[in-house]
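Here is the naming used below: chain letters follow the sequence lines, and residue numbers restart at 1 for every chain.
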Amino acid sequence: MKRRIFNQNLRISQLGKSGRIEDAIKIFSRMSQKNTVTYNSMITAYAKNGRVTDARTIFDKMPRKNLVSWNTMISGYLHNNKVDEAYDLFVKMPERDLFSWTLIITCYTRNGKLEKAKQLLDSLPCNYKKEAACWNAMIAGYAKEGRYDEAKSLFDEMPNKDLVSWNSMLKGHIQNGEMRLALQFFDEMLERDVVSWNLMIDGFVEQGDLDFAWEYFKKIPEPNVVSWVTMLSGFAKNGKILEARKLFDQMPTRNVVSWNAMISAYVQSCQIDEASNLFEEMPERDPVSWTIMINGHVRVGKLDEARKILEKMPYKNVAAQTAMISGYVQYNKMDEARQIFNEIDTRDVVSWNTMIAGYTQCRRMDEAVHLSRKMVMKDTVSWNIMITAYAQMGRMDRALEIFEEMGEKNLVSWNSLISGFTLNGLYLDALKWFMLMVHDGNKPDQSAFACGLSSCAIIAALQVGRQLHHLVVKSGFPNDLFICNALITMYCKCGRIPEAELLFKGIDHADIVSWNSLIGGYALNGCGKEALQLFQEMALEGVVPDQVTFISILSACSHAGFTDQGLELFKGMTEVYGMELLAEHYACVVDLLGRVGRLDEAFEIIKGMKTKANAGVWGALLSACRTHRNLELGKLAAQKLLEFEPDKTSNYVLLSNMHAEAGRWSEVQEVRSSMKDISAGKQPGCSWIEFRNQVYTFLSYDTSWPGAAQICGTLQTLTAQMRNIVCLYENSIQEF
DNA sequence: ATAGGGTTAG
């Protein structure tokens with residue numbers, strides 16, 4: 001009987017470990033006789049499958065708890081990131097051993113609560129003070145947060161170092177990207193084991209130093225499976241699939257992880273057939289194997305195949321189902337994604353986040369918000385997703401609320417907020433929060449700088465732009481092409497061509513965006529000659545212009561009055577470059593011809609368009625007609641333009657002014673009244689103010705108010721004052 | 001059966 005219970009206990013543990021929780025439950029509930037170990041095993045099985053509340057139910061119901069039961073339950077909380085629950089048990093438990101202490105300290109270090117962890121370490125009972133385990137957990141915690149000095153002083157202070165201590169310190173160096181220090185430390189280590197060597201290989205792989213990784217791999221006295229797999233995946237990450245396969249074939253022993261690593265290598269290089277072959281061949285599969293295969297098929301766009309694999313998977317887990325969800329999300333199939341999401345029995349943070357981010361990407365905001373409200377345990381990623389969602393809905397008020405209420409923020413949180421402001425045209429806010437981010441001790445990355453600089457460009461905030469330029473240099477990004485291009489655009493938009501030119505000259509390998517930025521800058525600032533010259537230089541360098549280049553160069557010609565060169569280039573687009581013409585290109589040419597009064601030619605070009613005309617094309621013709629007083633063509637252009645933009649009052653104003661200039665007052669009246677019809681039907685945007693409990697509404701061009709002249713006068717004064725405030729605000733931003 | 005350092009997945 002005892003033998004039987006022992007075997008069944010073992011079986012529960014195995015099933016729990018391999019994700020087959022339902023089978024474990026079956027055995028557990030069928031057992032007529034259970035001992036304490038049975039309950040303990042079941043607690044672990046539940047906890048390992050994310051069902052920590054079920055684990056707790058077992059813990060509460062079990063007849064006799066021993067010390068291991070308490071520790072096991074705490075361990076369950078540890079692996080499910082439930083610190084408070086773990087600590088509650090730790091306090092309540094009748095006696096504690098070294099395991100209990102190590103577990104609770106690890107709980108806090110894994111969640112970044114290092115001060116509390118240190119407190120616990122300091123209150124360690126004397127008999128455990130000399131043991132290494134708790135110290136090691138603490139050192140690993142410091143290392144993970146990049147607090148290297150504290151890790152080091154603990155390491156020096158601890159009474160009995162063991163191999164794990166040395167390896168924890170070594171890992172600290174490696175996690176900080178300090179391979180030089182790691183090398184030195186590694187050389188000084190009194191003893192090393194295979195883990196030490198594996199850490200070094202991993203560090204080199206992370207840095208992209210494959211040669212060093214390989215050199216160290218060859219030097220390992222007794223490499224184990226982990227060493228082989230680390231090296232294999234190092235090759236895979238750097239696209240060296242053949243070398244990876246060679247290692248796989250040479251490995252003396254292979255386990256599931258080795259197979260998974262090799263399959264993943266093929267998936268990373270999109271060789272799905274090779275991956276499938278290995279998947280069929282492998283002796284045993286675990287949930288990871290299935291997940292890799294699902295992801296692999298998603299990567300090559302075979303969603304149905306991926307789904308078939310998921311259906312065939314014997315014991316589905318959250319990761320596999322989430323891989324499928326993210327596949328559906330990538331192809332905008334939200335309903336299918338939702339179906340999978342609904343089938344998950346224990347949803348974790350990642351699955352919720354994937355689903356909510358999916359709704360956000362597909363612009364199904366109501367569903368995103370709804371689902372987010374239902375989510376209980378949100379992490380930083382969850383909050384970041386919601387900041388983006390609200391920003392896309394134009395609700396920066398909500399986005400900001402979330403940002404201020406959320407606990408721990410990361411760089412993505414800041415970037416989401418800042419790009420939200422930019423997206424919604426709140427450029428000053430974007431810059432203000434950029435500076436607050438820096439002030440808060442964060443290092444802005446590429447995308448933060450891109451947002452900040454484009455905000456500066458749009459509002460032509462040269463001084464803040466320069467400030468950002470300094471920060472770029474200080475942050476170690478002076479040679480980043482992406483940022484350089486953003487800087488060039490910023491300087492151009494602020495009218496500082498020399499600075500832009502200087503930056504452009506400093507670039508090692510300019511890409512098409514760099515060339516386009518400067519050519520566009522020349523165009524914007526009316527430097528037609530320079531634009532054409534740069535365009536020629538670009539051709540000499542062998543850089544092929546793209547559609548954006550032509551928009552810039554055509555508009556440069558237009559602004560500078562280089563009509564014939566412009567026409568020549570326009571012809572060349574199809575004849576020389578075989579390029580597809582966009583409506584924007586036509587708009588440029590219409591503008592080019594229109595400016596010099598060649599209205600009929602412009603009209604002919606529009607009539608011969610292969611792509612559909614847009615508002616830009618007709619708008620260009622209309623304003624040319626106004627300049628050159630061609631009322632007939634102008635009327636036609638206006639009519640077409642209003643088909644595209646029936647709500648835009650400025651178009652009506654333009655047309656009515658044309659009539660007025662020609663002295664055709666009845667037509668002026670006609671346009672005005674059609675404008676009124678449109679406005680009446682469209683519910684024009686009205687403004688309102690509240691004054692002494694009374695709401696007053698008013699429309700633009702509304703002069704029916706008593707004292708309208710006085711109101712307008714006051715308004716002008718206010719506008720001037722606001723301009724001053726904006727200037728002051730800009731200055732204050734710089735003071736950070 | 002439970003802890004501290006190294007490999008494959010969402």
Sugar-phosphate, base or nothing in reach of A/N9, heavy atoms under 4.0 Å: nothing

A/W197: which of A/V226, A/T230, A/I220, A/D202 passes side-chain contact (heavy atoms from CB on, under 4.5 Å): A/I220

Touch class at under 4.0 angstrom, heavy-atom based, for A/D202 against every strand present: sugar-phosphate

Touch class at under 4.0 angstrom, heavy-atom based, for A/V318 against every strand present: base

Sugar-phosphate, base or nothing in reach of A/R110, heavy atoms under 4.0 Å: sugar-phosphate

Sugar-phosphate, base or nothing in reach of A/D348, heavy atoms under 4.0 Å: base

Sugar-phosphate only, base, or nothing, as touched by A/S264 at under 4.0 Å among non-hydrogen atoms: sugar-phosphate

A/D273 side chain to A/S276 side chain, donor-acceptor N/O pair below 3.5 angstrom: no

Touch class at under 4.0 angstrom, heavy-atom based, for A/N353 against every strand present: nothing

Sugar-phosphate, base or nothing in reach of A/S168, heavy atoms under 4.0 Å: sugar-phosphate

Qualifying residues under side-chain hydrogen bond (donor to acceptor under 3.5 Å, both in side chains), relative to A/E85, sequence neighbours excluded: none

Outermost nucleotides of DNA chain B that come under 4.0 Å of a non-hydrogen atom of chain A: B/dA1 to B/dG10

Sugar-phosphate, base or nothing in reach of A/S75, heavy atoms under 4.0 Å: sugar-phosphate

Qualifying ring-ring contact (aromatic ring centres under 6.0 Å, His included) pairs with a residue from residues 30-54 of chain A, counting only residues at least two apart or across chains: A/F28-A/Y39

All ring-ring contact (aromatic ring centres under 6.0 Å, His included) counterparts of A/W228, not counting sequence neighbours: A/F217

Spacing of A/S153 atom OG and A/Y148 atom OH [to the nearest 0.5 Å]: 10.0 Å

Any donor-acceptor N or O pair under 3.5 Å, side chains A/D54, A/T57: no

Minimum heavy-atom distance A/N167-A/S196, with the two atoms named: OD1-OG, 2.8 Å

Of all pairs that satisfy salt bridge (charged side-chain N to carboxylate O under 4.0 Å, His left out), the ones with a partner from residues 310-335 of chain A, not counting sequence neighbours: A/R307-A/E311, A/D335-A/R364

Sugar-phosphate only, base, or nothing, as touched by A/A132 at under 4.0 Å among non-hydrogen atoms: base

Sorted by number, the residues of residues 92-100 of chain A with heavy-atom contact under 4.0 Å to DNA chain B: A/L98, A/F99

